[in-house]
Amino acid sequence: MINLDIARIFDEIADILEVKGDNPFRVRAYRRAARTIETLTQDLKVIAERGGVDELKKIPGIGEGIAKKIVEIAQTGDCKKHRELTRELPHGLLELLAIPRVGPKTIAKVHEELGISSIEELESAAKRHELRGIPGLGAKVEENILKGIEQYRRYRGRKLLSEALPRAESILNELRKLDAVDRITIAGSLRRMRETIGDIDILVVSKRPKEVMDAFTSLEGVEDVVAKGDTKSSIVLKGMDVDLRVVDAGSFGAAVHYFTGSKHHNIRIRELGVKRGLKINEYGVFRAESGEKIGGEDEEDVFRSVGLAYIPPELREDRGEVEAAQENRIPALIEPGELRGDLHVHTKWSDGKNSVEEMAMTAIAMGYEYIAVADHSPAVGIAGGMDEAKIKKRQEEIERVNTRYEEEGEGKFRVLSSVEVDIKSDFSLDLPDDVLKELDVVVAAVHSKFNQDKETMTKRIVAAMENEHVDIIAHPTGRLLGKREPYEVDMERLMEVARATGTIMELNSFPERLDLNDIHCRMAKEYGVLIAISTDAHDAMQMRDVIRYGVATARRGWLEAKDVVNTRSESEMKKLLKS
Ligand code: DGT
Ligand code: CA
Ligand code: CA
């Protein structure tokens, strides 16, 4: 059980209590606890085991009742209150809570006033404009609800990569402990590092499959055993579907290839096999006529049998990787260790949780040589944006930290001054040029009026790129996976202008952003536009934890170290900035 699971339970409790019209203070207490837990740097389970309720209560925002629940969850993996509430609420209402853009208050209202308790009912009431009759709800809410339902249906059952990957890794860690497990790997979309994951696929080589299946179906957090057999079992673990297959050692490579997919990639490989008189399936590579097995133990066997260079899983989408492998043009994809800095992090100077120095310390521990602290500009009011005076004060702190690193000889580490300047809807930037020109790096981004039409939004971002001080456009499409669609923008045009002006495009590593996405990254590479893989971290743990999702997306976008600006040393990187 990790902190995020506990936060999720408290959020769900808050949601359900709110739908039920419970005491708002209690609702708020659960939400505050969830927010605190999300950004906690220590493992709650460890604290609970060491100091119990008393030590947990020392954490700000965690009172007696919630501390007791944390202990309960740490000990049993479950929370009785949560279970009861989930059981009490009609199933349809629980599902309504999963719709983006629809909050528990709205659900409580429509349930009370119109008796709505399912997505279908909500959809037809919104379409018939029956919701706008309810006090506090209007045409806008109806529109939002319909959009939310559409999004919900599109993403239904899919989880963010950041939810699936740690979960899969902890399953693998558990199962590796078994003597009965000879080999084990992740397959499917998760091995290809797609941004959302339908289900987790795991492959195991074992001579004692029953032991493996017993362990798998009784893992901590299993909510349902959907199927249990000798070669395949399926479970639901903390809301995620997980498949595990046991295969023979001699078929492992073929199975890994087959179950890694994608389906379209597999079809291409099989076709190449047919042309060479081969039959390729999850059991191995066979001569079609004689049925003789000629490979299958290792994944390389499959590629070799059809005359291809090895194709990394992230490229297996039938987007030209087969042709590239035929011509030996598979790129040397960027590796996490090649990054030398992060060009977009926040600190306490705007809405971040850590100080400049705390961010720097973590960056040094990560092996970085620089970070750019890019706190918000004033227009992003909720985020505690910085005006000119505040930027000056922050600068003193940055210089203090840098001077100390120089004196103490902490290697070559440097904190770079930056701002995430808002690109306003009237095309202007939220800070004047004479402020921007003093900064080491200027990051610009859209934070409001996402509904401008495509032409206007394109002009708006182009205007920022044309500013001689703007080095990087952050999260260029503004999407939030499962929550907010990307705004409409002419990406070809943005790439043209980026190239012409020497503006860098960000790949924001936040798992719900991954913006630019894989396809846009590849487009940037084709246009000769450089990418900055940044985190947009609001605390030091995030900086450390989310970068791998950015790197994964860059790999899916065919990027190599040379395509990424923050693989350069500080001085080489600076040469690639504008001025
Ligand atoms: P997901 O789970 O929706 O995120 O996506 P995948 O790619 O993990 O899909 P999944 O779990 O249904 O199947 C895992 C892999 O197994 C898939 O990527 C390719 C392979 N596979 C599944 N069904 C078929 C099929 O009918 N034909 C072929 N060629 N491969 C398949
Ligand atoms: Ca899958
Ligand atoms: Ca599957």
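All values below were derived from every heavy atom in this structure, side-chain atoms included, with hydrogens, water molecules and symmetry-related copies excluded. All ligand and atom numbering here is 1-based and tracks the order in the structure.
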Is there a donor-acceptor pair under 3.5 Å between the side chain of Arg479 and the backbone N or O of Arg513?
yes
What I want to know is whether [X] and ligand 1 share at least one N or O pair that is separated by under 3.5 angstrom.
X      : answer
Ile197 : no
Asp201 : yes
Ser189 : yes

Check if Ile200 has a non-hydrogen atom at a distance under 4.0 Å from any atom of ligand 1.
no
Measuring from the heavy atoms of Lys263, does anything fall under 4.0 Å of ligand 1?
yes
Is it true that Asp518 and Arg319 make a salt bridge, defined as a side-chain N closer than 4.0 Å to a carboxylate O?
yes
Pair Lys562 + Glu560: basic N to acidic O under 4.0 Å:
yes
Between Phe450 and Tyr487, what is the ring plane arrangement, given parallel below 30°, perpendicular above 60°, and tilted in between?
parallel
Sequence neighbours left out, what passes ring pair (Phe, Tyr, Trp, His ring centres under 6.0 Å) with His111? Give chain and number order.
none
List for me each residue that meets ring pair (Phe, Tyr, Trp, His ring centres under 6.0 Å) alongside Tyr310, sequence neighbours excluded, and say none if there are none.
Phe303
Looking at Phe259, does the NZ or CZ of Arg245 lie under 6.0 angstrom from its six-membered ring centre and within 45 degrees of the ring axis?
yes
State whether Phe10 and Arg31 meet the cation-pi test: NZ (Lys) or CZ (Arg) under 6.0 Å from the six-membered ring centroid, and within 45° of the perpendicular axis.
no
So which N/O/S atom does Asp201 have closest to the Ca ion (ligand 2)?
OD2
If you count the atoms of ligand 1 from 1 in the order shown, which ones are under 4.0 Å from a heavy atom of [X]?
X      : answer
Gly188 : 8 (O)
Gly198 : 1 (P), 2 (O), 3 (O), 4 (O)
Arg158 : 1 (P), 3 (O), 4 (O)

How does [X] reach ligand 1, by side chain, by backbone, by both or by neither, if only non-hydrogen atoms under 4.0 Å count?
X      : result
Thr260 : backbone
Asp199 : both
Arg194 : neither

Tell me the closest heavy-atom pair linking Ile145 and Ala126, and the distance in Å.
CG2-CB, 4.4 Å
Option nearest atom 7 (O) of ligand 1 (shortest heavy-atom distance, choices Arg192, Arg268, Arg245):
Arg192
